[in-house]
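All residue numbers refer to positions in the sequence shown, counting from 1.
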Amino acid sequence: MGKSKSDRPVPEPMRSDGAGWVDQGPRNIARDLQNPDMLVPPITDNGLLPNLKFSFSDAVMTLNHGGWSREVTVRELPIATTLAGVNMSLTPGGVRELHWHQQAEWSYMLLGRARITSVDQDGRNFIADIGPGDLWYFPPGIPHSIQGLEEGCEFLLVFDDGNFSDLNTLSISDWFAHTPRDVLSDNFGVPESAFAHIPPKQVYIFQGEVPGSIREEEVKSPYGTVPLSFTHRLLAQKPIVTPGGSVRIVDSRNFPISKTIAAALVEIKPGAMRELHWHPNNDEWQYYLTGQGRMTVFTGEGTARTFDYRAGDVGYVPFATGHYIQNTGSTTLWFLEMFKSDRFVDVSLNQWMALTPHDLVRANLNVGPELIDALRKEKWPVVKYPGY
């Protein structure tokens, strides 16, 4: 068997029992190395499922003076109808211009810092600086802006509609460019010459100056600030810690403004897994932050398919289908799981079995006390057992 550039054995579509054969034709070995469970599916995989994976590395990149963006929508991942995602980076001083959406916007700051501003329908305004692990949420129709601070920033935006595209949002520059100058003059009470140099089209992202402190920049509104904060410090939140990792859950219960997107930040240590479970409220949209893992999704009628994921990948799980996420690497796996819902809810296979009459479970699965006695009545979202 040949060697790859990294001196790893070239993988072949063959199982240890001899099923399959070598691939001697044109191939992308780097892809096969990253997707071992697609090249050689577990023998438990069966039937056909739509694709449940798309990498931001394969998304179209939009480059601007001031930053870049790329998105994963139903165009890239057709099954992902409930949510869409945008990965964006802003330079120091780079601005995602004043704009608004017909969809809700939820965001997780990946690195660096940014300043966000907003004004609600009652004239109450908001300004805040956001750092790594912080969230923001803007309800549909609420205007806002994002600007990179001294070190620049990168973040994930999630919208509550899989058909969303960030390039088709409602921007202040685009509206000005497509409004007659005499109308602008009448609206603002200034001569038409005041608009002589407005942009001829949407600017989207542009390079600005790094803003001063919030104290220097903020504008006092006679109506006060928004009643519910648009931000939440997720990493400051106390996690649920179990053997093998941790989970931080954020939804409308602890981030009240977030009415349509619920999420969990999951940590899975090497050798651990996000337990076998499902979600009875909606589809799951995933974003992998670090490490690598694999997930099998079971959809009933004898159908299951396994996918491999790495940092920067998007995963998707259809409504109420069984799945797990297993850390297959040597470093900690971190990922976000998100739902179009005001609440995060999941059903644990282990807990369900533990709280069901044991004779019924025993007869249903033809298992003995070795399994029955190990069942847990308490939910462990992430599991790891000594010796397993």
Would you please indicate yes or no on a ring centroid separation below 6.0 angstrom for Phe176 and Phe188? yes
Decide yes or no on salt bridge (Lys or Arg N to Asp or Glu O under 4.0 Å) for Lys379 and Asp346, but give the supporting numbers first. CA-CA 10 Å; Lys379 185 186 297 182; Asp346 67 348; 2.7 Å; yes
Stepwise, does the side chain to side chain contact (heavy atoms under 4.5 Å, CB included) test hold for Lys340 with Ile261? CA-CA 5 Å; Lys340 186 175 181 177; Ile261 297 179; 5.8 Å; no
Working note: Ser173 + Glu97, criterion side-chain hydrogen bond (donor to acceptor under 3.5 Å, both in side chains); need CA distance, chi angles, decisive distance, verdict. CA-CA 8 Å; Ser173 62; Glu97 71 161 313; 2.8 Å; yes
Taking CD in Glu217 as the centre, count heavy atoms belonging to other residues, nucleotides or ligands within less than 6.0 Å. Is the count above 12? yes
Heavy atoms of Gly244 and Lys384 approach each other most closely as CA-CB, 3.7 Å
Let me see the working for His277 and Gln351 under side-chain hydrogen bond (donor to acceptor under 3.5 Å, both in side chains), right down to the final yes or no. CA-CA 10 Å; His277 68 286; Gln351 187 182 51; over 6 Å; no
Could you check whether atom CD of Glu209 has more than 12 heavy atoms from other residues, nucleotides or ligands sitting under 6.0 Å from it? no
Do Ser246 and Val382 have side chains that get closer than 4.5 Å, going by heavy atoms? no
Does any non-hydrogen side-chain atom of Met109 lie less than 4.5 Å from one of Glu154? no
With a 4.0 Å cut-off, would you call Asp359 and Arg362 a salt bridge? yes
Apply side chain to side chain contact (heavy atoms under 4.5 Å, CB included) to residues Arg343 and Ser252 and explain how you reach the verdict. CA-CA 6 Å; Arg343 295 291 179 95; Ser252 61; 3.7 Å; yes
Would you tell me whether Glu105 and His144 have side-chain atoms, one donor and one acceptor, within less than 3.5 Å of each other? yes
Is the shortest distance from a Lys or Arg side-chain nitrogen in Arg294 or Asp37 to a carboxylate oxygen in the other one below 4.0 Å? yes
Go through the steps to decide whether Tyr204 and Asn64 satisfy the test side-chain hydrogen bond (donor to acceptor under 3.5 Å, both in side chains), and finish with yes or no. CA-CA 8 Å; Tyr204 186 55; Asn64 294 82; over 6 Å; no
Side chain to side chain contact (heavy atoms under 4.5 Å, CB included) between Asp120 and Phe126, worked out: CA-CA 8 Å; Asp120 75 2; Phe126 183 83; over 6 Å; no
Using the rule given for side chain to side chain contact (heavy atoms under 4.5 Å, CB included), can you reason through Arg274 versus Glu337, listing the C-alpha separation, both sets of side-chain angles and the distance that settles it, and then say yes or no? CA-CA 11 Å; Arg274 176 77 168 93; Glu337 50 185 67; 3.3 Å; yes
Drop me the distance from Thr225's OG1 to Ile127's CD1, to the nearest 0.5 angstrom. 10.0 Å
Would you tabulate the side-chain donor-acceptor contacts of residues 22-29 under 3.5 Å, counting partners in other chains and residues two or more places apart, or write 'none'?
| residue | atom | partner | partner atom | Å |
| --- | --- | --- | --- | --- |
| Asp23 | OD1 | Gly25 | N | 3.1 |
| Arg27 | NE | Asp32 | OD2 | 3.1 |
| Arg27 | NH1 | Pro11 | O | 3.2 |
| Arg27 | NH1 | Glu12 | OE1 | 3.2 |
| Arg27 | NH2 | Pro11 | O | 2.6 |
| Arg27 | NH2 | Asp32 | OD2 | 2.8 |
| Asn28 | OD1 | Ala30 | N | 3.3 |
| Asn28 | OD1 | Arg31 | N | 3.1 |

Which of these, Leu135, Val86, Leu336, Leu83, sits in a side-chain contact (heavy atoms from CB on, under 4.5 Å) with Val158? Leu83
Establish, from distance only, whether the side-chain atoms of Arg310 and Thr328 form a donor-acceptor pair under 3.5 Å. no
Could you tell me whether Arg115 and Asp129 have a side-chain N and a carboxylate O separated by less than 4.0 Å? yes
Check whether more than 12 heavy atoms from other residues, nucleotides or ligands sit under 6.0 Å from atom OH of Tyr223, and answer yes or no. no
Sequence neighbours excluded, the answer for salt bridge (Lys or Arg N to Asp or Glu O under 4.0 Å) partners of Glu71 is Arg75
Taking the six-membered ring for Trp, are Phe155 and Tyr108 closer than 6.0 Å centroid to centroid? no
Euclidean distance, Gln326 CD relative to Asp308 CG, rounded to 0.5 Å: 10.0 Å
Less than 4.0 angstrom from a charged side-chain N to a carboxylate O is my criterion; do Asp122 and Arg124 meet it? yes
Arg233 with Asp134: basic N within carboxylate O range, under 4.0 Å: yes
Could you walk me through whether Asn282 and Thr82 pass the side-chain hydrogen bond (donor to acceptor under 3.5 Å, both in side chains) test, one step at a time? CA-CA 8 Å; Asn282 216 325; Thr82 58; 4.8 Å; no
Around Arg253, counting heavy atoms of other residues, nucleotides and ligands shown, do more than 12 lie under 6.0 Å from its CZ? yes
Excluding Leu375, membership of its hydrophobic cluster (Ile, Leu, Val, Met, Phe, Trp, Tyr; side-chain heavy atoms within less than 4.5 Å) reads Met273, Leu276, Trp278, Tyr324, Val347, Leu349, Trp352, Met353, Val361, Leu365, Val367, Leu371, Ile372, Trp380, Val383, Tyr385, Tyr388
Nearest non-hydrogen partners of Thr117 and Ser145, listed with the distance: OG1-OG, 2.6 Å
Does a side-chain N-to-carboxylate-O contact under 4.0 Å join Arg96 and Asp166? yes
So with a 6.0 Å cut-off around CG of Leu360, is the heavy-atom count from everything else above 12? yes
Ring centroids only, cut at 6.0 angstrom: are His101 and Phe164 within range, meaning strictly under it? yes
Ring centres of Phe56 and Tyr287 under 6.0 Å apart? yes
Which is it for Phe339 and His279 under the ring-ring contact (aromatic ring centres under 6.0 Å, His included) test, yes or no, and what are the steps along the way? CA-CA 9 Å; Phe339 309 85; His279 303 275; 4.4 Å; yes
Pick from Trp136, Tyr137, Phe138: which one makes a ring pair (Phe, Tyr, Trp, His ring centres under 6.0 Å) with Phe230? Phe138
Side-chain heavy atoms of Pro41 within contact of Thr306, under 4.5 Å: no
Taking it one step at a time, do Glu76 and Lys53 satisfy salt bridge (Lys or Arg N to Asp or Glu O under 4.0 Å)? CA-CA 9 Å; Glu76 291 77 22; Lys53 171 186 175 182; over 6 Å; no
